[in-house]
J.: 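First the structure, then my questions, so here it is.
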Amino acid sequence: MPREIPKAYEPNEVEQRWAKAWYEEKLFRAENSGYGPRFSIALPPPNVTGSIHIGHMLEHTQIDMLVRWHRMRGQRTLWLPGMDHAGIATQFVVERMLAKGGIKRQDLGREEFERRVWKWKQESGGVIKEQMIRLGASCDWTRERFTLEPALYRAVLHAFLRFYREGLIYRGRYMVNWCPRCQTAISDLEVVHHERTGEIWNIRYPLADSDGKPSATEFLVVATTRPETMLGDTAVAVHPDDDRYRRFVGKKVMLPLMNREIPIIADAYVDREFGTGVVKITPAHDPNDFEIGKRHNLPEIDVMTPDGHMSEAAGKYAGLERFAARGRIVADLKELGLVESVKEHIHAVGTCDRCKAIVEPRISTQWFMKMAPLAEPAKQVVREGLIEVVPDNQRTILLNWLDNIRDWCISRQLWWGHRIPIWHCADCKEMVPAGDSRVEIVDGHARAASVPTQCPKCGGSKLTQDSDVLDTWFSSGLWPFSTLGWPDDTKDLREFYPTSLLISGYDILFFWDARMIMMGIHLMADPNLSSGDISTRIPFRQLYLHSLVRTAEGAKMSKTKGTGVDPLQMTQQYGTDALRYMLASMAAPGTDIILSEDRVLSARAFANKIWNAARFLFLNLEKIEGRGISLEELAAPEVRARAPYPVPGEAALAHRWMFSRLSSVSAQVSEALEGFRFHEACQTIYHFFWDDFCDWYIEWLKPQLAAENRDVAIPAWRNIFAAFDAALRLLHPVMPFITEELWHRLPQRGGASRVAAEALASSQLADGVGDTATPGPLSIALEDYPQPNSDWSDPAAESELALLQEIIVAVRNVRAEMKIDPKKKVPADLTVHALTGEEVVNSNLEPILRLAGLSSVNISTGLPAPTGAVVRSTARFDLRIAYGDVVDKGAEIAKAKKEIERLEKDVASKEARLADEAFRSKAPAEVVQSMERARVERQGELSKLRSRLAQLSS
RNA sequence: GGGCGGUUAGCUCAGCGGUUAGAGCAUCCGGUUUACACCCGGAAGGUCCAGUGUUCAAAUCACUGACCGCCCACCA
């Protein structure tokens, strides 16, 4: 075991080494985990061509903490990783790349373009995986999946065909959201609304007389924010009960610029209060108008092209870009004197989630999925708690969305994705689905194998496959079971479905989480695969929605805006463990995270603290080894397992206290993790390690560890190693690298540890300890997580040590205030009121003197405080330290007065409460009692302080 | 237009019905105690956004308002 350890923890080398080892040894295969209850979780698949951003890191840290924790508790644990082909996002990236070379995808044709995307995927698709490995994600990489791989394509086919057969997937001509830039339909969810200040124009539509001539004097004034769509108007509408306009209904207006007569219709949709109460109706360019058009049988005139230009139907405006056309049209209307007014108008503009272009409502033929029938059982499982949603308010949001669910447009006019397995008959337009869900591999990629060759309706043989692909989220919706082998009845599916938990950001609750629930419940209702019981069909039993990482302004982190943070770079700078700790410690459920440099620095300092605690142990060990006591004797796994060891007499208290703390900290951490309170788990461990273990336990024990008396030294060493080992295990889920590294420096099964062997091999400092044989995977990640232990729990020890800590702190406080030379030891006079206090003080005199910097403690019986001393009184003890001529009497008086004031207020308020009959009768007895006790204590402190003040002032 | 979340120490955030409201960082004072200056010891710092109510008891629950942020929504 090399004892030469760097003073400051340098994470990079350590982390890379372990990340590589964990991956290469397949340490996190489910098969390497225990045989306890299973715990399974599917990774929200990142975009295959993306790279890790801080949001991923937060998500992966939280998942990894829970996965490691469950694994260490002996559960059969699977974290299944994989990537999403992210249709539109990936295609967008590749198109942008091609554009640099002046190439459009249409120039290449579908097959060649797909080939290029695959190539791009091959080249850059591994980045995320490498990064995840580097960041310590304990996934089972042997089960990695990709949404576009053959097995998952098959799952998609299977699901599609089944929904299609059941009539849940249909095709039709409806108004959809169209992105003119991506040139595809997108779903409602992919439209992001932004408030913008635009203009609203009031435009005069002249009435048409019986000859079809526009009236020069009579107009109906319509309001519009989108003048360019007026070219496609096929009516104007008023409210049927609107007296102002009743007489016009059934007449016609002359559509300006187009000189087309259009009818004036009455429809209750019109809001009489808004604008003039007259609405232009453009069925081809507005969803409401589309509905009205259907009701009144109006023609639909599409005046735009798919790429956002004006179409032939726009007459002389044909060919103009849509917003250029708007300007031209307004100008022309002004010239004709038909613009009555223009006003500023704030309205929400829909933009494409992916490319930010303004979305155009457009009529087109698309594929849809009926959602209402799927939403019902989803609501049921959420409402009944079969899927527990955390935080709870997200449950309401989810249920609300399910209540108002609308059909889902699942087809995309893209080339990168799962192609719709429907063939169209050229002769009779019949739609023929693939025969079954089998796939064949062509050119390395999967496609439907069961291709129809003859139209079952007309016998025609000219069948062409639908050119659309499916929305990426369709395959994502199958993720929890498609990745486990569905539609086959596999061992993994049986063992790990339903998964235990889904952790995702709340930003994709509707996109993904809700759809998995709906699709899972529906598709798993297969007699071969489930009992039919809905609780066995849900995709996950718990749904935890994590926070989002935001910028100081509250916006989402964004690479394009330059507000993104590269986690890999931060990792280099501070260490992965530090970054993980920082993220976890800020991850209180339900609140978003704003990164702060301070918190990373403090996390890095924490890692360093852990490192240095280990350095202390190993450096000091040499001394005891010099006396012929081996590390194996002190810290072998079987030795650690039997801790705590009794330490004779006086030295025992700190050990009893430490193990008692370990037990309660274990309980607290487990409880916190159980409730996804990562921040609480972190804080608990932090304080345990830094304050309890380092500041008190190590400091307390230093003489014991150096003792010549083997009967003291050996058990003290054994205990501290055992406690340190337990602390490492407690810390491991959040800080996997440093804990793995240090744990391997302790003796492990097989007589040695890998790090020792490896370090030996590469180190000139090797001193020849240990051998290199390591049977089986050996990692702290596969060890037991510390559990609460009733044998360790020792409230008396905790209370006694707390008393001593208070005394020591009080002395330090006095010393600091009196500005006593830190090296100078002074005598103190102490009165202890606690029951066994005196005894406790006497039997721990050495650490008290040492840690408080005292030369002696004189235990007295509460005589009046001698003059010429500084006094500190609490309910449990009075402390007096004599001063020479150094003390600032004025400051002492001021301090005493302030304290008296505070206590008086406190006592007064307590007395008032206790005098209140309502309080005494209604509050629980224990509350009243503790109030009573506190009052007495405070009262005692107060009177002591008062006499102290009198003394000082005399 | 609906819904959700936030407002607590100089900063970033915990606490969410019961003793004297906490942490990290920053600040101030003091320290080369050979594990750690990414450290050690000590201190100071808060009408818990405002108001009203519920309660024996409110930072914590309810209502109202202000400001900040997010999500959803077809009013031209």
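Here the structure is a predicted model, which means the values were calculated and not measured. The sequence lines fix the lettering, A, B, ..., with proteins before strands; numbering per chain opens at 1.
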J.: Name the nucleic acid region contacted by A:Ala934, choosing base, sugar-phosphate or nothing; use a 4.0 angstrom heavy-atom cut-off, strictly under.
T.: base

J.: Would you call A:Lys702 and A:Glu846 a salt bridge, taking side-chain N to carboxylate O under 4.0 Å as the test?
T.: no

J.: Return whichever of A:Val927 or A:Ala614 has its heavy-atom-nearest nucleotide of RNA chain B closer to the 5' end.
T.: A:Val927

J.: Would you measure the distance from the C1' atom in B:A26 across to the matching atom in B:C11 and give it in whole Å?
T.: 7 Å

J.: Given the C1' atoms of B:G17 and B:C61, what is the spacing between them in whole Å?
T.: 8 Å

J.: Given B:C40, B:C56, B:A76, identify the nucleotide with an atom nearest to the side chain of A:Asp271.
T.: B:A76

J.: Under 4.0 Å between a side-chain N or O of A:Asn393 and OP1 or OP2 of B:G5?
T.: yes

J.: May I ask you to check whether A:Ser547 and A:Asp592 show a side-chain donor-acceptor distance below 3.5 Å?
T.: no

J.: Test your reading of the model: is there a side-chain donor-acceptor pair from A:Gln683 to the backbone of A:Glu680, 3.5 Å cut-off?
T.: no

J.: How far, in whole Å, is B:U64 from B:U12 if one measures between their P atoms?
T.: 29 Å

J.: Between A:His687 and B:G22, does any side-chain N or O lie under 4.0 Å from OP1 or OP2?
T.: no

J.: Distance criterion of 3.5 Å, no angle test: do you see the side chain of A:Lys7 paired donor-to-acceptor with the base of B:C36?
T.: no

J.: Indicate, with a heavy-atom threshold strictly under 4.0 Å, whether A:Pro924 touches base, sugar-phosphate, or nothing.
T.: base

J.: If the C1' atom of B:C25 is compared with that of B:A44, how far apart are they to the nearest Å?
T.: 16 Å

J.: Is there a side chain to side chain donor-acceptor pair (under 3.5 Å) between A:Thr576 and A:Glu15 once you walk through the steps?
T.: CA-CA 8 Å; A:Thr576 303; A:Glu15 290 174 1; 2.7 Å; yes

J.: Is it the case that B:U20 (base atoms only) and A:Arg938 (side chain only) share a donor and an acceptor within less than 3.5 Å, ignoring hydrogens and angles?
T.: yes

J.: Sticking with atom C1', work out how far B:U27 lies from B:G46, rounded to a whole angstrom.
T.: 16 Å

J.: Does the structure place the NZ or CZ of A:Arg604 under 6.0 Å from the centre of the six-membered ring of A:Tyr574, at an angle of no more than 45° from the ring's axis?
T.: no

J.: Counting only side-chain heavy atoms from C-beta out, which of B:G41, B:C36, B:A73 sits nearest to A:Arg812?
T.: B:G41

J.: Does A:Asn288 make a side-chain N or O approach to OP1 or OP2 of B:A76 shorter than 4.0 Å?
T.: no

J.: Quick one: do A:Arg902 and A:Asp906 make a salt bridge, cutoff under 4.0 Å?
T.: no

J.: Heavy-atom nearest nucleotide on RNA chain B for A:Lys702 versus A:Tyr686: which residue maps closer to 5'?
T.: A:Tyr686

J.: Could you work out the separation of B:G69 and B:C29 based on their P atoms and round it to a whole Å?
T.: 39 Å

J.: Would you measure the distance from the P atom in B:U7 across to the matching atom in B:A62 and give it in whole Å?
T.: 14 Å

J.: Check this for me: does the side-chain of A:Glu699 come within 3.5 Å of the base of B:A35 through a donor and an acceptor?
T.: yes

J.: Within the structure shown, what part of the strands sits under 4.0 Å from A:Trp690 by heavy-atom distance: base, sugar-phosphate, or nothing?
T.: sugar-phosphate

J.: For nucleotides B:G18 and B:G45, find the distance between their P atoms and express it as a whole number of Å.
T.: 25 Å

